[in-house]
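Heads up, the thing below is written out as structure tokens.
Protein chains get the first letters and strands the later ones, always in sequence-line order, with residue 1 at the start of each.
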Amino acid sequence: MIQIYEPQNIEAKWQKVWTETGAFRTPTANEWHDRPKYYVLDMFPYPSGEGLHVGHPKGYTATDIIARMRRMQGYNVLHPMGWDAFGLPAERAADRYNMHPAAITKRNIDTFRRSLQRMGFSYDWAREINTSAPDYYQWTQWIFKKLFKKGLAYMADVPVNWCPALGTVLSNEEVQDGKYVETGDPVERRLMRQWMLKITAYADRLLSDLDELDWPESLKEMQRNWIGKSVGATIRFHIQNSEARFEVFTTRPDTLFGATYCVLAPEHPLVKQITTPAQQAAVEAYVQQSINRSDLDRTAQQEKTGVFTGAYAINPATEQPIPIWVADYVLVSYGEGAIMGVPGHDERDYEFAQKFGLPIITVVDGGQSSVAEAAYTDEGMAVNSAFLNGLHTVEAKERMTQWLEETGKGRQQIQYRLRDWLFSRQRYWGEPFPIVHLEDGSTVAVPDAELPVLLPDIDDRTPQSFDKPPLSRADAEWLMVTLPDGRVGLRETNTMPQWAGSCWYYLRFVDPHNTQAPWGAAEEAYWMPVDLYVGGAEHAVLHLLYARFWHKVLYDCGLVTTKEPFQQLFNQGMIGAYSYRNRAGKYFHRDNVIAQDDAWVVRATGEPVATQLEKMSKSKLNVYNLDDIIAEYGADSLRLYELFIGPISASTPWNMDGIDGVQRFLHKVWRLIIDADTGAVNSQINAGLSMQGTELERPLHKTIKGVTESIESIDKMNTAVSRMMEFINTASQYAADANAQIPSGIIKAFVRLLAPFAPHLAEELWARLGEQQLVSLAAWPQYDEELVQDEMIQVPIQINGRLRDVMTVAAGTDNKTLESLALSNQKVVRHLNGDAVKRVIVVPGKLVNIIH
RNA sequence: GGGUCGGUGGCGGAAUGGCAGACGCAGCGGACUUAAAAUCCGCCGGGUUAACACCUGUGUGGGUUCGAAUCCCACCCGACCUACCA
């Protein structure tokens, strides 16, 4: 018999028992009965080659604890795990090691799975999915066909973000400051024929349905900003002495009388047509230069630039000619690619007009200073605006919009910042499109019966040029297709982006082995929506917006029963670690630096290093490897510490010192229950003794309430650990008296509370306490509201709001008694020093405040 | 520039209108031990004090309230997101 707590000896043992007994198998339809359901999901990981560090399992630990508690509370729980397995890194690693991406992916998945299993997470591994497996991506292709059939997937020549280093295009969301967000490789603009998904058709619903979701406000706000709805008007401008015309979008139609010039984006099709011969050379040079410039250069420039076209437009309100300019501060991809310049009331237009000497006039009154000095962009009273004069901005907008519609010069318009989703990639390791290009130039979908379109095996998967993706080098057998009706064509050779598989994986989990459909209708209706979804905030506008979009399309197809996929969402904070870097930028491992006089230096050389809290990464030498820590402390201590370190939502630094505290706690639990000499249950734990009325009864009920509520809050599970520590401290002090007896019912209730947090230890103790069933499947303890209250409570006494004493009284003491007790309190009498009492505030059970 | 969240001991944090610093780490003192580890007990925001006590304290300044870390206003600092979106 083991006598002290040794996690290495019990963790593998219970993991085996859980697997062999199918303890965490998800109930199937005939087992649902009338119990409530709970679907708790982690954002599934991309199985990278780096393996798992201690930052990864923070969210997984939180979801595991809630899954385990819900199971014990009698819920039917769906708690699955899988792999987002297509993607660039595996393909690049495959090139480097001369392996197939599928082999790399399998190896990484095996590593990830082994680490997660060692953590003791209660996933139903029978439901594991892999987005790169043909029996999964068959259905990704099937869903793409739904989008295609609804006209939501189309091909277009679009300016794309081409990354020469990667040999592929990237979505707008993957590019920032002219670089690929993952690797920092530069990205350039290029016009290419690409697959697009019409997410903009769902912009309004993606926006309005956010309101009903139980998501962090910050995240909803990010999505709202990303969608970027603007209400305004489209206004038509005619070119002077010409049939040509163009439209502009504005959110301030009320300022039309103040439009003193117009600007077209360099890419605007009208530029060539209207430029006067005298301006032609300058305009062409400017346009050419702008088009070649990367987004980085365009946004980095401080000053506005632009060139006059020589042409004039007629302001439809004033009927006056105003000059038309070309400038790259106007984006071709937003609105109409053209604007009216109102320098008096728009900062950008003001800056532009200042630089090029264009007239600035006031049409909204209300500014402190003249528009000659700065643009006035707030609301106010319309002036110099004919029929708008005297109207407030809100009414003026309405009146102008009405006038535009009546006169046919414009109309009300809603614009979204959201663009359609660039959905194709020129890489190998992704889902092939289920699409065939026919000789006549049309595209058709591959029949369902021929899905999946398998990834062809090709020898050279490396990207070569922008118009020849790897799949175009597949053999003719794969490339050439004869449809059932005899028509022939070529397969699409782009692949889908990594986001595709994660757009619907939560649906596959409800019925992962279905070969006839992506999921069964009954299973979907039962388990959806996901009750709790936990993951990092970095997916706020990518994965979460794409998945919501696909879900709404599936809803419109009648394939899912909920409008939204994820009812409650939580962002776990990042666990970072300190890194150490010398002046040259070289990183040092924490073992090679030492603290010296409030600073850090390299141990061997004494060279000073700067320390910084950063995301864990191999290159920064600040990783704490998951397997190492499990080996040293055990999974239970690590699980506990992942939570104890702070709220789930908070970002906190990893500090190895703190884990000793939670491990001491687990040792203490063990020592309280197990006799160190025999390994049997401590003789002080008495199975025959009722817990009713015993000294530990009230602390236990308080602990049950505290722990239950902490878990339900999700964010504050750190306080659940504190509550259990408090209980064990109390119980240990009670047991310090060798004659003290503890009812085993109290201990068993505590072990059940501990079970979600430290499941291996809890199982071991539960078995040693003589229980035959698993504690993981035992009933969650209930608390009695009466017993949560202490019999005697501490009531502070304040004089003029300052604490003077604390009295101990029976709970439920009435206000009159509290008041008289306070007034006769010795310290109070001394402080009052005979002064008359003006008023006494008594908050029952809380405090007494005496005002004098 | 805009948005969101935050700022509490040496450190991670607790307290969301009622005893600030729970719980833990680190530190200091003690017990046990030949010694150490483990364990147990005590102290642990700052100041004045021999002590009892008293004062002060949650980024800064104001306000509301009998009472503010908590609510309101202004400012400072930090993190994340976003950024010529008309």
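Using cut-offs of 30° and 60° on the angle between ring planes, the pair A:Trp654 and A:Tyr641 is perpendicular.
Using a 4.0 Å heavy-atom cutoff across all strands shown, A:Gln413 reaches no nucleic acid atom at all. Within the nucleic acid shown, A:Ser649 has no heavy atom closer than 4.0 Å to any nucleic acid atom.
Between the NZ atom of A:Lys58 and the P atom of B:G13 there is a distance of 9 Å, given to the nearest Å. Between A:Lys615 atom NZ and B:A79 atom P the separation is 17 Å, expressed in whole Å. Rounded to whole Å, atom P of B:C80 lies 20 Å from atom CD of A:Gln223. One atom, CG of A:Asn849, and another, P of B:U65, lie 15 Å apart when rounded to the nearest Å. Protein atom CD of A:Gln3 is 16 Å distant from nucleotide atom C1' of B:A38, rounded to whole Å.
When atom types are taken as modelled, the side chain of A:Asp349 and the backbone of A:Pro343 share no donor-acceptor pair closer than 3.5 angstrom.
For A:Asp657 against B:C25, a side-chain-to-base donor-acceptor contact under 3.5 Å is absent. Between the side chain of A:Lys838 and the base of B:C66, no donor-acceptor pair of N or O atoms lies under 3.5 Å.
When the nearest nucleotides of RNA chain B are assigned to A:Gly335 and A:Leu847 by heavy-atom distance, the more 5′-ward of the two goes with A:Leu847. Judged by closest nucleotide on RNA chain B, A:Val721 is the one of A:Val721 and A:Phe249 placed further toward the 5' end.
Between A:Lys816 and A:Asp814 there is no salt bridge, since no side-chain nitrogen of the basic residue lies less than 4.0 Å from a carboxylate oxygen of the acidic one.
The nucleotide whose nearest atom lies closest to any side-chain atom of A:Arg417 is, among B:C19, B:A83, B:G3, B:A83. Counting only heavy atoms from C-beta on, A:Lys716 has its side chain closest to B:A14 among B:U82, B:C84, B:A14. Listed nucleotides: B:C19, B:C66, B:G12. Nearest to the side chain of A:Val806: B:C19. Each of B:A86, B:C19, B:A26 was ranked by its minimum atom distance to the side chain of A:Gln794; first place goes to B:C19. Between B:C19, B:A53, B:A86, one nucleotide has an atom nearer to the side chain of A:Arg830 than all others, and that is B:A53. Distances from the side chain of A:Glu726 to the nucleotides B:A86, B:C23, B:A15 place B:C23 closest.
Donor-acceptor pairing under 3.5 Å is lacking for the side chains of A:Thr200 and A:Arg419.
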